[in-house]
Amino acid sequence: MYIVQIASECAPVIKAGGLGDVVYGLSKDIERREHTVEIILPMYDCMRYDHIWGLHNAYEDLNVSWGGGSVHCSVFCGWVNGLLCFFIQPHSNDNFFNRGCYYGCNDDFMRFAFFSKAALEFLCVTGKRPDILHCHDWQTGLIPVMLYEMYKWRGMDSLRVAYTIHNFKHQGIAGSDVLAATGLGNEGYYFSYDRLRDNFNPFGINLMKGGIVYSNHVNTVSPHHAWEARYSDVSYGLGHTLDVHQGKFSGILNGIDYNTWDPETDEFIPHHYTAKNISSKAKNREALRERLLLRNDKKPIVAFIGRLDFQKGVDLVHHSLHYSLRRNAQFVLLGSPTGKEISDRFWSEKHHLNENPDCHLELAFNEELAHLIYAGADMIVIPSNFEPCGLTQLIGLRYGTVPVVRGVGGLVDTVFDKDYDENHEPEERNGFVFYQNDQVALESALERAIGLWHYFPDEFRQLQKQGMEYDYSWKTSGKKYIELYDFLRDK
Ligand SMILES: Nc1ncnc2c1ncn2[C@@H]1O[C@H](COP(=O)(O)OP(=O)(O)O[C@H]2O[C@H](CO)[C@@H](O)[C@H](O)[C@H]2O)[C@@H](O)[C@H]1O
């Protein structure tokens, strides 16, 4: 089979969060199964060029009709750890991808609508006819729309689209100017509730909704979140649309790339280990302390790694920091703030705790440090408000770092409470789970975790090993995607 992934991120070259990991890890898995996979990405000025091998100009004259005129683009091509990637570079005064950031501009919907159209144009003029186009999140929601409404007539009618939603919170709400710019036009047609009109904002079109309506299949990234999306409010207004399209909606659990995330070979950690010699993990704890100037004391390290965003339960992240310090633990936070308010709050906390020898706040994106924290910490706390899948608990489990999570979304599918999970035998349990979205609930789980570390170290070690024995690689999930692609291709 021939699959083309179109996305706004692919690790390690473009990574703001979990989307990048999934595009990379899934593509690697597809390749391992001997299918052909290619990835189309924007060519951002700030991406990690050092992770691309053999970057060269592969297509010089891509002209994309846009806003009544045409934008000239170059398409570069190179290999990211063996994966063939195409990078689209538009030459226009809009400077869509030369902004020193991946997201967060006022015209993001225009930037990614343009990228979507350019990706289709590239496939069209180069004669590439994959069996499956796999699109991700709102940034590429217009691809199935334009494929069906425009490009199908240009020899692309055999392509099928799989659309994966990693985060319902960001949907890409735009005005009719996007219709005009892309050439879709016909406002009356697209501003229908059956098509792109936003379910709650009558003046906006919703790019993610377009992806849902027009794709051949839609999935989110865990079975439990697929259920939540239909029966609770976490689909942020798209529940009705999912209901209408329920026959083509499912949940497929994410995996993680077991070569990138492997405590036995990880190039960013000083001491390698496996479940069998987990005692070596403690040396990474020491290395982490040394790196972050924490004192050497008989205490566990609790960590948080992630975007600092409403989604991640920042109030409870903040509370878990202070609670851990009170309960004789150290705390390490690696977080990229997503807004000014959250940023100010955590910067002020960082200054306040600057001299504290038991905690460190790193407010930045730092891939290398993330690896050392996964290896050196004893527990990872994930108190999310909602979590479509969550990768940090999967990585934590792989590194013997016990997850303490709120029971939502994919966290429900992957973490099983040591004391209370009734569906798993004690030897199959792997972490701590709380459900209520409040401090008391968080404390009850964190206290059990920290207490186990201090008073029952053998049991704690056993729990770490049980977590490490889980297989959350792409082995199972990759197979599910291949089955899905196969099913769509034959339709
Ligand atoms: N400051 C930082 N420095 C270094 N590394 C950092 C970092 N902040 C985050 N990371 C890394 O980025 C990834 C984040 O994974 P998450 O599952 O939390 O993704 P996110 O919420 O962004 O994405 C969405 O998509 C993913 C993928 O589908 C879903 O799992 C998730 O639920 C959904 O919200 C991990 O690899 C983590 O180590």
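Sequential numbering from 1 along the given sequence is applied to the chain's residues. A quick note: this is a predicted structure, and the numbers were derived from the prediction, not measured.
Using the six-membered ring where Trp is involved, F114 and W66 have ring planes that are perpendicular, over 60° apart on the 30 and 60° scheme. Using a 30° and 60° split on the angle between ring planes, Y399 and W261 fall in the perpendicular class, above 60°. Note: F97 and F115 have perpendicular aromatic rings, judged against thresholds of 30 and 60 degrees for the angle between ring planes. Below 30°, between 30° and 60°, or above 60°: for H136 and H134 the angle between ring planes is below 30°, a parallel geometry.
Rounding to the nearest 0.5 Å gives a distance of 11.0 Å between OG1 of T140 and CD1 of I40. The line from NZ of K475 to NZ of K479 is 10.5 Å long, rounded to the nearest 0.5 Å. Remark: L411 CG to H224 NE2 distance equals 9.5 Å, nearest 0.5 Å. Between atom OG1 of residue T164 and atom CG of residue N219 there is a gap of 3.5 Å, rounded to the nearest 0.5 Å. Distance CD1/I256 to CG/L394: 5.5 Å, rounded to 0.5 Å.
Residue E341 places its CD atom among 12 or fewer non-hydrogen atoms of other residues, nucleotides or ligands, all under 6.0 Å distant. For NZ of K152, the number of neighbouring non-hydrogen atoms (other residues, nucleotides, ligands) closer than 6.0 Å is greater than 12. For H240, the NE2 atom is loosely surrounded, since the number of other residues' heavy atoms within 6.0 Å does not exceed 12. For F487, the CZ atom counts as loosely surrounded, since its 6.0 Å shell holds 12 or fewer non-hydrogen atoms of other residues, nucleotides or ligands. No more than 12 heavy-atom neighbours from other residues, nucleotides or ligands sit within 6.0 angstrom of CG on N106. More than 12 heavy atoms of other residues, nucleotides or ligands lie within 6.0 Å of CD in Q246, so this atom counts as buried by the packing criterion. Heavy atoms from other residues, nucleotides or ligands lying under 6.0 Å from OH of Y481 number more than 12. The 12-atom threshold is not exceeded at CD of E34, counting heavy atoms of other residues, nucleotides or ligands nearer than 6.0 Å.
Residues Y472 and R398 fail the side-chain proximity criterion, which asks for heavy atoms closer than 4.5 Å. Using a 4.5 Å heavy-atom cutoff, the side chains of R197 and F203 are not in contact. Put simply, the side chain of M156 reaches to within 4.5 Å of the side chain of R129, judged on heavy atoms. Residues L253 and C389 have side chains in contact (heavy-atom distance under 4.5 Å, counting atoms from C-beta outward). Within the 4.5 Å cutoff, the side chain of V23 has no heavy atoms near those of the E9 side chain. Between I132 and V4, the closest side-chain pair of non-hydrogen atoms is not below 4.5 Å. Using a 4.5 Å heavy-atom cutoff, the side chains of I305 and L333 are not in contact. You'll find the side chain of F109 stays beyond 4.5 Å of the side chain of I173, heavy atoms only.
With ring centers used as reference points, Y236 lies under 6.0 Å from F386.
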Output, in order, the C-alpha distance, side-chain angles, deciding distance and verdict of side-chain hydrogen bond (donor to acceptor under 3.5 Å, both in side chains) for Q466 and N430.
CA-CA 6 Å; Q466 288 177 196; N430 59 11; over 6 Å; no
Taking it one step at a time, do K312 and N385 satisfy side-chain hydrogen bond (donor to acceptor under 3.5 Å, both in side chains)?
CA-CA 6 Å; K312 301 293 177 187; N385 281 317; over 6 Å; no
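Listed by first and then second residue, the salt bridge (charged side-chain N to carboxylate O under 4.0 Å, His left out) pairs involving residues 228-250 are R230-D243 (not counting sequence neighbours). Here salt bridge (charged side-chain N to carboxylate O under 4.0 Å, His left out) pairs that include residues 94-112, with residues two or more places apart or in two chains, are R99-D107, D108-R111.
A donor and an acceptor atom, one from each side chain of T265 and H272, are nowhere located under 3.5 Å apart. Inspection of the N81 and Y24 side chains reveals an N or O donor paired with an N or O acceptor under 3.5 Å. Side-chain contact annotation: E38 with Y2, donor-acceptor N/O pair under 3.5 Å present.
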